[in-house]
Amino acid sequence: MARLQNLDVDLLRAFVTVSDLGSFTRAAETLLRRQSTLSLQIKRLEDSLGKRLLDRATRHVRLTAEGDALLPHARQMLELNDRLVASLAQPVLAGTVRLGTPEDFATSYLPQVLARFAQAYPAVQLEVTCDLTLTLLERFREGAFDLVLVKREPERSNRGVRVWREPLVWVAAGQLALPEEGPLPLVVSPPPCVYRKRATDSLNRARRRWRVAYSCASLAGQHAAVKAGLGVTVLPKDMVPTGFTVVERRSMLPDLHDTEIALLAARGLSAPARRLHDHIVRSLEDVGRL
């Protein structure tokens, strides 16, 4: 009979933290350990499994295929461990967590994620703020949030944990006829806005003229303008509202690259904030958009 092997939760936590932050140095700061201690813990985990989990040859630490396969299971084991400890510990997990998020993401996948967290931890109060990404980043740097979800260019930053990635598409009302000549009418958020910049930069590279036909910070206002036929906008593919049309390539509009959403965490997170951070990462990972 094969000998049963038990995995050390502390080693799994070290592995997940290094994976999330992409750096032994930053992970050691987060876990309040020496970098040499953290490296030894990862080696012990690799030795126990007989697999190499991290590729240390590149500038930023990356997962091997075996590490990528282990990561979601390691997260589940840590969450189960932490929930069990929290359920038995006194006092009950309580406090306030301040979360910033882009409005479009807050109206699609995030409500279900936050609802499950609120049910599991009823004594934790969530304060959720919706705003433009660059505004969220500015307020995050000022200390206004514990956690913030932000849109960013893929592979441009190693800050935070990537939790979402999908293609961007041009969207219009079904009856809108795109002009063959003259500037393309755009429905966008006012600057600073990642999607607005992505749209105008791609049109400029394609030498396609454009004009801002409707500018509104409210997502509902933008949708109303597109529905009224005032112009085209840019949205993530899986967040296109019912009744809207994805503009096909034959329209001669330039391609739009994937969008990426990352979760950033302030230093010295409280226990409730750390729990929400891990819950968001695991929940969105389970959706399968990474």
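For the single chain, residues carry numbers from 1 onward in sequence order.
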Report all side-chain donor-acceptor pairs from residues 9-18 shorter than 3.5 Å, counting only partners two or more places apart or in another chain.
| residue | atom | partner | partner atom | Å |
| --- | --- | --- | --- | --- |
| Asp10 | OD1 | Arg33 | NH2 | 2.6 |
| Asp10 | OD2 | Gln41 | NE2 | 3.0 |
| Arg13 | NH1 | Asp82 | OD2 | 3.3 |
| Arg13 | NH2 | Asp82 | OD1 | 2.8 |
| Thr17 | OG1 | Arg13 | O | 2.8 |

Check the pair Phe24 / Leu54 against side chain to side chain contact (heavy atoms under 4.5 Å, CB included), numbers first and verdict last. CA-CA 11 Å; Phe24 276 87; Leu54 297 175; 3.9 Å; yes
With sequence neighbours left out, the residues meeting ring pair (Phe, Tyr, Trp, His ring centres under 6.0 Å) with Tyr214 are none
Let me confirm one number: the OG1-CG distance from Thr133 to Leu149, rounded to the nearest 0.5 Å. 9.0 Å
Interatomic distance, Arg26 atom CZ to Leu38 atom CG [nearest 0.5 angstrom]: 13.0 Å
When you group the ILVMFWY residues by side-chain heavy-atom contacts below 4.5 Å and let the links chain together, are Val61 and Leu70 in the same group? yes
Of all heavy-atom pairs linking Ser215 and Ser189, the shortest is OG-C, 3.9 Å
Neighbour count above 12 (heavy atom, 6.0 Å) for Arg116 CZ: yes
Heavy-atom pair with the smallest gap, counting every atom of Leu136 and Asp131: CD1-O, 3.5 Å
To the nearest 0.5 Å, what is the distance between CG on Asp55 and CZ on Arg62? 8.5 Å
Closest non-hydrogen contact found for Lys237 with Val169 is CA-CG2, 4.0 Å
Measuring from Leu21:CG to Leu31:CG, what's the distance to the nearest 0.5 Å? 8.0 Å
For residues Leu134 and Cys193, determine if any side-chain heavy atom of one lies less than 4.5 Å from a side-chain heavy atom of the other. no
Would you confirm whether Glu103, through its side chain, and Cys130, through its main-chain N or O, come within 3.5 Å as a donor-acceptor pair? no
Once you measure the plane-to-plane angle for His279 and Phe117, does it fall in the parallel (<30°), tilted (30-60°) or perpendicular (>60°) bin? tilted
Main-chain N/O of Thr200 paired with Asn204 side-chain donor or acceptor, under 3.5 Å: yes
Testing Lys43, Lys51, Arg44 one by one against Asp47 for a side-chain hydrogen bond (donor to acceptor under 3.5 Å, both in side chains), which residue passes? Lys43
Kindly give the heavy-atom pair with the smallest separation between Val161 and His277, and that separation in Å. CG2-NE2, 4.0 Å
Test Leu49 against Leu7 for side chain to side chain contact (heavy atoms under 4.5 Å, CB included), laying out the working first. CA-CA 9 Å; Leu49 295 172; Leu7 292 178; 3.7 Å; yes
Cluster question for you: counting only ILVMFWY and a side-chain heavy-atom cut-off of under 4.5 Å, with indirect links fine, are Ile280 and Val148 together? no
Checking the side chain of Glu46 only, and the main-chain atoms of Leu53 only, is there a donor and an acceptor separated by less than 3.5 Å? yes
Run Leu186 and Trp170 through side chain to side chain contact (heavy atoms under 4.5 Å, CB included) and show every step you take. CA-CA 10 Å; Leu186 298 179; Trp170 296 99; 4.0 Å; yes
Answer yes or no: is there a donor N or O on one side and an acceptor on the other, between the side chain of Arg98 and the main chain of Gly143, under 3.5 Å? yes
Please determine whether residues Leu147 and Val281 belong to a single hydrophobic cluster, defined as Ile, Leu, Val, Met, Phe, Trp and Tyr linked transitively by side-chain heavy-atom distances below 4.5 Å. yes
Please walk me through it: do Tyr195 and Asp104 pass side chain to side chain contact (heavy atoms under 4.5 Å, CB included)? CA-CA 11 Å; Tyr195 290 174; Asp104 51 359; 3.2 Å; yes
Between atom NZ of Lys151 and atom CZ of Arg198, what is the distance when rounded to the nearest 0.5 Å? 10.5 Å
Honestly curious: do Leu114 and Trp164 fall in one hydrophobic cluster under the side-chain, below-4.5 Å linking rule? yes
Can you check whether Pro102 reaches Leu219 side chain to side chain, under 4.5 Å on heavy atoms? no
Kindly indicate whether the side chain of Leu137, heavy atoms from C-beta on, has any atom under 4.5 Å from the side chain of Leu264. yes
Verify same cluster id: Leu132, Leu168 (apolar side-chain graph, 4.5 Å): no
Sole residue of Arg75, Arg274, Arg162, Arg282 in salt bridge (Lys or Arg N to Asp or Glu O under 4.0 Å) with Asp20: Arg75
What's the shortest heavy-atom distance between Phe244 and His223, and which atoms? CZ-O, 3.3 Å
How close do Leu269 and Asp146 get, counting heavy atoms only, and between which atoms? CD2-O, 3.5 Å
Name the atoms and distances for all side-chain donor-acceptor pairs under 3.5 Å in residues 119-127, with sequence neighbours left out.
| residue | atom | partner | partner atom | Å |
| --- | --- | --- | --- | --- |
| Tyr121 | OH | Arg275 | NH1 | 3.2 |

